A.B. asks: 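Handing you a structure now.
Keep in mind that this is a model prediction, so the values were computed, not measured. Just follow the structure's listing: the first ligand is 1, and inside any ligand the first atom is 1.
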Amino acid sequence: MSDSNDLVKSGERKIQWAASHMPVVSALEKQFASQRPLEGASVSCCLHLEAKTAYMAYVLHKGGAQVALCGSNPLTTQDDVAYALHERGVTVNARYGIDDEEYYRNLNKTLDIGPSVIIDDGGDLAHLVHTERDDLLPSVQGLCEETTTGVIRLRAMEREGSLKFPAFAVNNAKCKYLFDNRYGTGQSTLDGIMRTTNLIIAGKVFVVAGYGWCGRGIAMRAKGLGANVVVTEVDPIKAIEAHMDGFRVMTMDEAARIGDIFVTATGCNKVIRQRHFTTMKDGAILANAGHFNVEVDVVGLEQLAEEQRFSRKDIMSYRIGDAWLHLLGEGRLVNLACADGHPAEIMDMSFALQLLCATHILGHHLEPRVYGVPQDIDERVARMRLSASSISIDELDEEQCAYLSSWRHGT
Ligand code: ADE
């Protein structure tokens, strides 16, 4: 058993490793420490608490904010990182493996600081502050949302007229979804599956449900590792895209019979359900990369199972007839529940956007609506990222600008 000093040391090493691969957030750390743009602000965060997240929360703190943080999923907090972040001056209400009651207690404690800004991943703080904690609404100046699922929930609130403060869809910034959702989810999902199973990907029939940015990234990386990739979709346009990207496209009913590994990345519930489980091959592996643990119908799986056993860390196996099906990480986000989340260089851009949007909120009085990240913030992050990689790009000269802004030219 580690004592808390060992946990702090281990968490601190992880944070320092991540920080040393996050040049954009590191540059912002220096700027925030000298300019203190968040002086006097209170920031409540609900995020997957691993090393990169801890570093971002620490930079908020260095920028002058009082910061409280809870986990955005019961299985994605790394306890050593939580201890280390607490030592760095952030209030941490998070622990690995908590039940629903503690999860909601932690959300509430995180709101107790009376936030002026909220940083959410999945919409749980937004939901709570619009329902049971609506007494806090007057002091909230705005929110930043990290993920697709959270943006979908915010848009539903906006449509209904229930949204009470401005909310920035950080997920929808180009420097977020083009890299985090695609390359981040692609790599970290495969990482989670490979670490957990220690099995080969090459030669397997690898079924990806959903061909949004996350699904595209997962399919691309599975193909790169030699899998025979199948995509399932409900959107006809995304389905053609997957087809033209070279993947087999079929229904989940068809895919269920032939798949060796299944990964859901749809944002929807019951994508793989009882009628699919009953036709799956012995040894099929089930994993989810979507925000909530509803994409694989785990309750339905448990009901069908004639026998259940714990096979390996983070693998629960269920027997249906002669077939054993193996579920990774309880059907929760496999890249975080069974690995360390996206690579540091990816979270560098996502969290730089969060830091700049949090600052932007404090400088503006906006109507309660869902906003895109301002283009100048998106481009600033891209330029900082390029500069960190010593990549220079061309610039338009005056003549070219004039050409591009005129319609009076032709053949
Ligand atoms: N690390 C921290 N937050 C994350 C997220 N939303 N997805 C992947 N890795 C993360």
Side-chain angles (χ1 to χ4, degrees), residues 11 14-15 17-19 21-22 24-25 45-60 67 69-82 84-85 90 92 94 96 118-126 143-153 168-173 175-193 195 210 212-215 217-218 221 263-265 267 287-293 295 329 332-355 357-358:
K14 287 185 183 177
I15 297 171
W17 173 262
H21 295 87
M22 296 173 72
V24 182
V25 174
C45 307
C46 177
L47 294 165
H48 300 291
L49 181 45
E50 46 88 1
K52 285 89 75 183
T53 314
Y55 184 44
M56 193 271 292
Y58 172 68
V59 175
L60 289 169
V67 184
L69 189 145
C70 59
S72 57
N73 182 300
L75 291 192
T76 60
T77 295
Q78 298 189 11
D79 287 336
D80 53 353
V81 172
L85 182 59
V90 169
V92 179
Y96 176 81
I118 294 174
I119 301 184
D120 223 354
D121 186 329
D124 285 348
L125 285 183
L143 173 147
C144 305
E145 171 53 57
E146 172 74 10
T147 202
T148 316
T149 293
V151 172
I152 290 170
R153 292 175 88 184
F168 281 85
V170 172
N171 176 72
N172 297 15
C175 272
K176 199 319 186 143
Y177 69 83
L178 287 176
F179 310 110
D180 175 312
N181 300 26
R182 180 169 42 173
Y183 300 113
T185 310
Q187 179 166 323
S188 60
T189 296
L190 269 300
D191 178 16
I193 295 169
R195 283 192 203 194
W213 288 105
C214 295
I218 297 166
R221 291 298 178 246
V263 182
T264 50
N288 167 49
H291 183 79
F292 284 117
N293 58 334
E295 305 207 15
R332 296 189 185 273
L333 284 159
V334 69
N335 60 341
L336 282 145
C338 302
D340 291 311
H342 297 344
E345 300 92 329
I346 293 280
M347 292 315 294
D348 191 27
M349 284 188 279
S350 305
F351 284 153
L353 289 166
Q354 290 286 8
L355 291 165
C357 278

A.B. asks: Tell me every residue that passes salt bridge (Lys or Arg N to Asp or Glu O under 4.0 Å) with Asp121, counting only those two or more places apart in sequence or in another chain.
C.D. replies: none
A.B. asks: Below a 4.0 angstrom heavy-atom separation, can you tell me which part of Thr185, side chain or backbone, both or neither, approaches ligand 1?
C.D. replies: neither
A.B. asks: Looking only at protein heavy atoms, identify the closest one to atom 7 (N) of ligand 1 and say how far it is in Å.
C.D. replies: His342 NE2, 3.5 Å
A.B. asks: Is there a side-chain hydrogen bond (donor to acceptor under 3.5 Å, both in side chains) between Asn335 and Thr189 once you walk through the steps?
C.D. replies: CA-CA 4 Å; Asn335 60 341; Thr189 296; 4.6 Å; no
A.B. asks: List every atom of ligand 1 that sits less than 4.0 Å from any heavy atom of Gly341, numbering the atoms from 1 in the order shown and giving each element.
C.D. replies: 9 (N)
A.B. asks: Determine whether the side chain, the backbone, both or neither of Asp121 has a heavy atom under 4.0 Å from any heavy atom of ligand 1.
C.D. replies: side chain
A.B. asks: Inspect the contact between Asp340 and Arg195 and indicate whether a charged nitrogen and a carboxylate oxygen are less than 4.0 angstrom apart.
C.D. replies: yes
A.B. asks: Which of the atoms of ligand 1 are close to Leu336, meaning less than 4.0 Å from one of its heavy atoms?
C.D. replies: 1 (N), 5 (C), 7 (N), 8 (C), 9 (N), 10 (C)
A.B. asks: Can Thr147 be said to touch ligand 1, with heavy atoms closer than 4.0 Å?
C.D. replies: no
A.B. asks: Taking NZ, NE, NH1 and NH2 as the nitrogens, is one of them in Asp120 or Arg153 under 4.0 Å from a carboxylate oxygen of the other?
C.D. replies: no
A.B. asks: List for me each residue that meets salt bridge (Lys or Arg N to Asp or Glu O under 4.0 Å) alongside Asp79, sequence neighbours excluded, and say none if there are none.
C.D. replies: none
A.B. asks: Do the non-hydrogen side-chain atoms of Asn288 and Val263 ever get within less than 4.5 Å of each other?
C.D. replies: no
A.B. asks: Mind checking whether Met347 has a heavy atom under 4.0 Å from ligand 1?
C.D. replies: yes
A.B. asks: Atom 10 (C) of ligand 1: which of Lys52, Glu50, His48 has the nearest heavy atom?
C.D. replies: Glu50
